[in-house]
Chemist: 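Structure in structure tokens, see below.
Remember, it's 1-based here, ligands and their atoms both numbered in the order they're listed.
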Amino acid sequence: MKPTRLAAAAFAAVALSVPLTLVASAAPVVDDRSPGHAKKDTLRRAAPKGFHIGTAVAGGGHHESQPYPDPFTSDREYRRVLAAEFSSVSAENQMKWEYIHPERDRYNFGMADRIVRFAKQNRQVVRGHTLLWHSQNPAWLEEGDFTADELRSILRDHIKRVVGRYRGDIQQWDVANEIFTETGELRTSENIWIRELGPGIIADAFRWAHEADPKAKLFFNDYGVEGVNAKSDAYLALIAQLRAQRVPVHGFSAQAHLSTRYGFPGDLQANLERFAALGLETAITELDVRMDLPESGVPTDAQLAQQADYYNRTLTACLNVDGCDSFTIWGFTDKYSWVPVFFEGEGAATVMWEDFSRKPAYSALRSTLASASRR
Ligand code: 9MR
């Protein structure tokens with residue numbers, strides 16, 4: 001448990017020298033829509049030292065079918081907020097196979113290079129996403145009819161090339177993404193690597209990534225693993241086994257695409273703690289909280305308060321776990337969120353409105369970060 005001490009006023013009854021576990025308090029329902037909010041009053045400034053508050057960098061994927069230009073390179077206000085608010089950035093799509101390796105003999109590093117450069121200029125760390133996945137693979141790969149030997153060298157070369165290019169610049173890599181089903185089976189039929197090369201390829205991917213960048217922390221990443229369940233059990237067992245074999249696995253992360261339809265995963269902290277007990281780092285990598293929108297399209301105050309509470313409880317769980325030092329939201333403005341594109345009738349999932357004004361969820365995150373900082 002992290003020795004986090006909260007403000008005296010909030011916990012007058014508790015001796016201040018005692019390390020406290022943060023308890024998610026009711027999220028303050030502050031709707032900070034005023035355009036001129038203090039520019040220095042940001043998430044990254046509020047965060048405790050060494051704790052990275054991150055966001056996905058919008059581009060690629062669903063954005064390409066939307067009626068706006070590339071957000072990261074074209075939207076000045078977006079870039080300003082991205083730099084001001086966050087100390088970690090993740091490539092939302094720009095490091096995925098279909099984007100960065102569109103043809104067998106051609107890589108497209110342009111946008112990933114720009115993200116890494118932006119991060120350096122703004123003193124941000126970078127999360128790399130992702131190297132071994134069943135989705136967003138290019139057709140040349142999925143339909144290529146390669147032999148097992150060819151596939152193995154294709155994966156190895158890709159990992160060496162991509163991880164090697166950003167050696168020293170990536171704090172955490174999602175090496176393997178979404179490899180298990182809800183029932184804890186490996187996605188053998190969907191995942192080309194596991195299907196064609198067997199589960200041993202997972203360990204090889206971690207080994208190759210480690211050789212290419214020995215300093216990067218290497219993660220398993222998935223959704224639906226916030227709580228203790230068959231899927232997170234499967235990760236725990238696999239990671240324990242790989243670590244016993246000295247495979248360089250350093251972290252386990254929960255994406256946390258939450259929905260108010262399904263309730264909050266109240267055992268999130270307990271779940272992260274069992275991974276921490278294996279000696280792993282943990283992280284929240286893709287948090288958003290979607291909701292069913294009323295007919296007006298505008299969430300009610302009660303919905304916004306509930307959303308703020310989910311954001312706050314997710315952050316609190318992470319702050320309370322030793323080695324959970326990276327907390328990333330999957331985009332910070334509704335202007336570019338993937339949610340309405342994928343879930344009809346749902347939306348408003350991020351912490352800022354389309355004009356970048358702040359929702360209660362934003363204020364909840366900032367005040368919890370600030371409380372955790374006061375030692
Ligand atoms: O946000 C991403 C969106 O732009 C893409 O169109 C989509 C395609 O699958 O992927 C989204 O990001 C996913 C992430 O890479 C892995 N976890 C789930 C995320 C939301 O689908």
Chemist: Counting non-hydrogen protein atoms only, what is the nearest one to atom 1 (O) of ligand 1? Give residue, atom name and distance.
Modeler: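 Sorting protein heavy atoms by distance from atom 1 (O) of ligand 1 puts E92 OE2, 2.4 Å first.
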
Chemist: If you measure from each non-hydrogen atom of Y223 to ligand 1, which part falls under 4.0 Å: side chain, backbone, both or neither?
Modeler: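 Y223 to ligand 1: no contact under 4.0 Å from either part.
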
Chemist: Under a single-linkage rule joining Ile, Leu, Val, Met, Phe, Trp and Tyr whose side-chain heavy atoms are separated by less than 4.5 Å, which residues share a cluster with W338?
Modeler: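 Answer for W338: W330, V339, V341, F342, F343.
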
Chemist: How far is atom 4 (O) of ligand 1 from the closest protein heavy atom, and which atom is that?
Modeler: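 The closest heavy atom on the protein side is H62 ND1, 2.6 Å.
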
Chemist: For atom 11 (C) of ligand 1, what's the nearest protein heavy atom and its distance?
Modeler: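 Checked against all protein heavy atoms, atom 11 (C) of ligand 1 sits closest to K96 NZ, 3.7 Å.
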
Chemist: Does the distance from a Lys or Arg side-chain N to an Asp or Glu carboxylate O, for D204 and R156, drop under 4.0 Å?
Modeler: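 Salt bridge: no.
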
Chemist: Any nitrogen or oxygen of W133, main chain or side chain, under 3.5 Å from a nitrogen or oxygen of ligand 1?
Modeler: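 The answer is no, given that W133 and ligand 1 share no N or O pair closer than 3.5 Å.
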
Chemist: Can a salt bridge be assigned to the pair R313 and D309 using a cut-off of 4.0 Å between side-chain N and carboxylate O?
Modeler: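 A salt bridge links R313 with D309.
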
Chemist: Return the closest protein heavy atom for atom 21 (O) of ligand 1 as residue, atom name and distance.
Modeler: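 Closest protein heavy atom to atom 21 (O) of ligand 1: W338 CZ3, 3.1 Å.
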
Chemist: Can you tell whether the side chains of E346 and R261 come within less than 4.0 Å, N to carboxylate O?
Modeler: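 Salt bridge flag = yes for R261 with E346.
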
Chemist: Here's a test for you: under ring pair (Phe, Tyr, Trp, His ring centres under 6.0 Å), which of F332, F72, Y68 qualifies with Y78?
Modeler: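 The option that passes is F332.
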
Chemist: Has ligand 1 got any nitrogen or oxygen that is less than 3.5 angstrom from a nitrogen or oxygen of N93?
Modeler: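 Yes, there is a polar N/O contact under 3.5 Å.
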
Chemist: Can you list the steps and then say if W140 with H101 is a ring-ring contact (aromatic ring centres under 6.0 Å, His included)?
Modeler: CA-CA 10 Å; W140 70 261; H101 198 166; 5.0 Å; yes

Chemist: Looking only at protein heavy atoms, which one is nearest to atom 17 (N) of ligand 1, and how far off is it?
Modeler: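 Closest protein heavy atom to atom 17 (N) of ligand 1: E286 OE1, 2.7 Å.
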
Chemist: Quick check: N177 and ligand 1, any N/O pair under 3.5 Å apart?
Modeler: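 No, there is no polar N/O contact under 3.5 Å.
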
Chemist: Identify, for atom 9 (O) of ligand 1, the protein heavy atom at the shortest distance, and state residue, atom and that distance.
Modeler: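 So the nearest neighbour among protein heavy atoms is Q136 OE1, 3.3 Å.
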
Chemist: Between E178 and W133, do the side chains contain an N or O donor and an N or O acceptor separated by less than 3.5 Å?
Modeler: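 Yes.
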
Chemist: List ligand 1 atoms under 4.0 Å from Q255, heavy atoms only on the residue side.
Modeler: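 In order of number, 16 (C), 17 (N), 18 (C).
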
Chemist: Kindly confirm or rule out an N or O of S135 lying under 3.5 angstrom from an N or O of ligand 1.
Modeler: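 The answer is no, given that S135 and ligand 1 share no N or O pair closer than 3.5 Å.
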
Chemist: Between R358 and E85 (salt bridge meaning N to carboxylate O under 4.0 Å), is one present in this structure?
Modeler: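 Between E85 and R358 there is a salt bridge, with a charged N closer than 4.0 Å to a carboxylate O.
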
